[in-house]
Amino acid sequence: MSAGRTSPFVALSRAIVLGFLRDKASVFFAIIFPLMFLVLFGGIFGSQGQSKVDLIQVGDVALVDELSPAARAAFDDTFEVSRLDDLDEAVEEVRKGDADVAIEMRGDVLVAHYTQTDPTKAAITQGALRAFVDGTNVAQSGQPPRFSLSTEQVEDDSLETIQYVTPGLLGWAVAMSAAFGAAATLQGWRQSKLMRRLQLAPVSTRTVVGARVAVTVGIALVQMAIFVGLGAAAFGLTLTGSWWMAIPLVVIGTLCFMSIGLLAGAITTTTEGAVNAANFMVLPMAFLSGSFFPLEGSPRWLQVVSQALPLRHLNDGMLDVMVRGQGPAAALLPMGILAAFAVVVTLVAARLFRWETS
Amino acid sequence: MAAISVHDVVKTYGSLRAVDGVSLEVGEGEFVGILGPNGAGKTTTLEIIEGLRRPDSGSVELLGEKVWPRNAGLLPRIGVQLQASSFFERLTAREQIHTFASLYSVPTAAADDWLERVGLVDKVDTRVEDLSGGQAQRLSIACALVHDPDVVFLDEPTAALDPQARRNLWDLLAGLNDSGRTVVLTTHYMDEAEVLCDRVAIMDAGRILQFDTPAALVRGLDSPTRITVAPGQLDVADARGLAGVSDADEAPDGVVLTTREPARVVATLAERDLLDGVRVQTGTLEDVFLSLTGREYRA
């Protein structure tokens with residue numbers, strides 16, 4: 001290798017990659033920091049979303065013990081069953097909040113001692129227990145039921161938090177590293193006059209910009225692989241059909257946020273200032289674009305305002321194709337909007353850019 | 001053909017005339033210095049000659065070609081070292097110069113030769129941030145020369161170095177035009193310009209005041225020579241009476257004679273056997289600057 005020649009594009013890309021990998025702060029904020037949020041949301045809050053009703057069974061409860069295997073499986077999906085022999089002790093557990101409900105049999109009556117602390121859970125508990133009692137009655141009557149219920153979920157697996165947070169956090173991570181990378185490069189290279197130096201080397205602007213873009217896109221795709229890989233391996237993330245459309249989406253999203261980084265670099269005079277400005281644009285945008293919490297429950301005005309933010313469209317597009325099971329076409333509009341943002345912001349940044357920092 | 005031909009270049013920033021009608025001809029293989037205090041317009045002049053900045057008026061030709069707009073055909077023939085250490089962050093010295101070699105489509109072996117030539121062989125795996133000021137400048141110069149350019153521009157290559165490191169760098173710089181390469185450097189050190197340069201352009205307030213060899217600049221100064229005779233050998237009144245001496249003064253290190261006929265005075269001193277410990281000082285570039293601008297030279 002020491003006697004060989006390397007193309008300018010490859011040499012520049014390698015220089016930028018090495019510069020990135022050796023900057024511990026950059027690697028931390030691009031990869032580790034967002035992953036911490038993924039672990040936080042996916043691991044801790046994730047288990048909350050699917051938490052079962054804690055049920056204490058006191059003594060023998062014929063109704064539960066004699067459920068058919070299918071009904072028993074459904075029962076176990078809803079209730080986390082533990083057993084106690086003393087009713088008073090069980091009721092005390094419920095009162096303290098250590099359990100949600102205690103059940104006992106009094107003859108043919110199923111008695112449920114529940115707490116109203118969490119009204120929603122109390123309603124779920126009562127409804128579910130009633131359904132099991134009714135179901136058992138129907139089964140014992142020997143008559144096939146006249147009405148039946150069939151349920152079809154709209155989303156692939158909407159209950160699990162990980163499905164929601166992975167695309168949103170990935171969007172934030174990609175936005176952050178693309179914007180920081182572009183802002184720091186523009187300012188850093190201007191400060192050190194490396195940009196001037198490259199102007200006087202026989203390489204085209206296209207080659208220089210191309211290398212920087214290629215590296216940032218590469219980093220974004222690595223981020224995506226790590227996020228999806230960790231989400232699937234550790235937190236049960238399940239991708240839906242057209243998830244691969246998230247790849248072009250991430251690429252265009254990267255370009256869009258690089259342009260925002262260029263803007264941050266153009267309006268500031270120091271590298272620190274550029275990174276702070278990029279952060280100032282990206283972090284609030286992440287909150288308002290649903291990277292950290294679903295926008296469905298937010299006020300109407302926020303949902304409208306967020307439409308003006310590119311990250312909202314990146315997140316929406318990724319949610320659609322990665323977990324909502326939508327077709328590839330669902331990513332096209334977000335991609336178009338992101339591309340438009342990229343073009344406009346780059347032009348603004350180019351107008352505001354000054355060679356001299358003084 | 002002149003390697004560099006600058007004709008009446010003007011560059012203004014707002015009301016400041018940073019470069020105010022500069023003309024300059026540099027021959028091939030010449031080592032030329034642009035000397036002046038900070039803010040004299042040296043760097044702007046250099047960057048206009050390199051083709052980095054567009055002058056408001058005037059023209060620049062490098063190796064017979066226009067430098068503006070960006071002349072891609074010319075770029076492989078020129079080497080530049082900019083004032084800041086323009087490095088790729090967090091690369092080692094070797095990775096740095098290999099990257100520059102690739103930008104100029106030069107085999108990396110040539111880059112390794114340059115590392116050796118500038119004395120950085122034992123620093124090849126050191127990151128640029130961990131190099132000393134002198135080592136960083138050496139690397140920067142090596143990066144400017146990796147493609148063996150015909151013309152090299154060095155913008156204050158010894159600025160911010162301690163005197164020892166500065167002198168060490170002179171040895172390297174002095175050999176740069178040996179093979180017929182043209183070298184232009186800016187400096188605010190008088191001694192540096194005097195030691196390294198074939199010709200020196202003295203610059204102040206955007207103008208080139210004079211452009212000549214250091215010896216010619218001093219000769220043209222028409223300043224008196226000062227001869228110091230060791231203490232206790234000559235009294236002042238006696239000294240004033242010596243033929244050719246225009247003035248004499250008592251100084252801590254002896255009696256200082258001022259003369260415009262140094263040869264005659266020295267001959268007289270020799271006759272009287274007073275030459276032990278005698279010191280002769282002619283004018284310096286500092287005196288030249290003083291006489292050109294009317295103020296003391298402050299780098």
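No experiment lies behind these values; they were computed from the predicted model shown. All chains are named by letter (A, B, ...) in the order of the sequence lines, taking the proteins before the strands, and each is independently numbered beginning at 1.
- Comparing Leu91(B), Thr99(B), Leu52(B), Leu82(B) by how many heavy-atom pairs each has under 4.5 Å with chain A, the most go to Leu52(B).
- For Glu129(B) and Arg22(A), the salt-bridge test fails: no basic side-chain N is under 4.0 Å from an acidic carboxylate O.
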Review point. Where do Gln199(A) and Glu50(B) land on the side-chain contact (heavy atoms from CB on, under 4.5 Å) test, with the steps shown first?
Key: CA-CA 10 Å; Gln199(A) 253 191 314; Glu50(B) 291 162 353; over 6 Å; no
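- There is no contact between Ser140(B) and chain A, counting heavy-atom distances below 4.5 Å.
- Pairing each heavy atom of Tyr104(B) with each of Ala201(A), the nearest pair is OH-CA, 3.5 Å.
- Put simply, of Leu12(A), Leu194(A), Ile16(A), the one with the most heavy-atom pairs under 4.5 Å next to chain B is Leu194(A).
- With a threshold of 4.5 angstrom between heavy atoms, Arg94(B) does not approach chain A through any atom at all.
- With chain B as the partner, the residue from Thr207(A), Leu18(A), Leu21(A) showing the most heavy-atom pairs under 4.5 Å is Leu18(A).
- Against chain B, the residues from residues 23-36 of chain A that qualify, each with a non-hydrogen atom under 4.5 angstrom away, are Asp23(A) in number order.
- In this structure, Arg207(B) places its CZ atom where only 12 or fewer heavy-atom neighbours from other residues, nucleotides or ligands lie under 6.0 Å away.
- By the 6.0 Å contact criterion, CH2 on Trp170(B) is enclosed, its count of non-hydrogen atoms from other residues, nucleotides or ligands being greater than 12.
- Interface summary for chain B: among Gly19(A), Pro202(A), Ala11(A), Pro8(A), the most heavy-atom pairs under 4.5 angstrom belong to Pro202(A).
- Contact count versus chain A (heavy atoms, under 4.5 Å) is highest, among Glu95(B), Glu89(B), Gln96(B), for Glu95(B).
- Side-chain contact check for Arg197(A) versus Phe100(B): some heavy-atom pair is nearer than 4.5 Å.
- For chain A, the option among Arg127(B), His147(B), Gln81(B) with the highest count of heavy-atom pairs below 4.5 Å is Arg127(B).
- Other residues, nucleotides and ligands place more than 12 heavy atoms under 6.0 Å from the CZ atom of Arg70(B).
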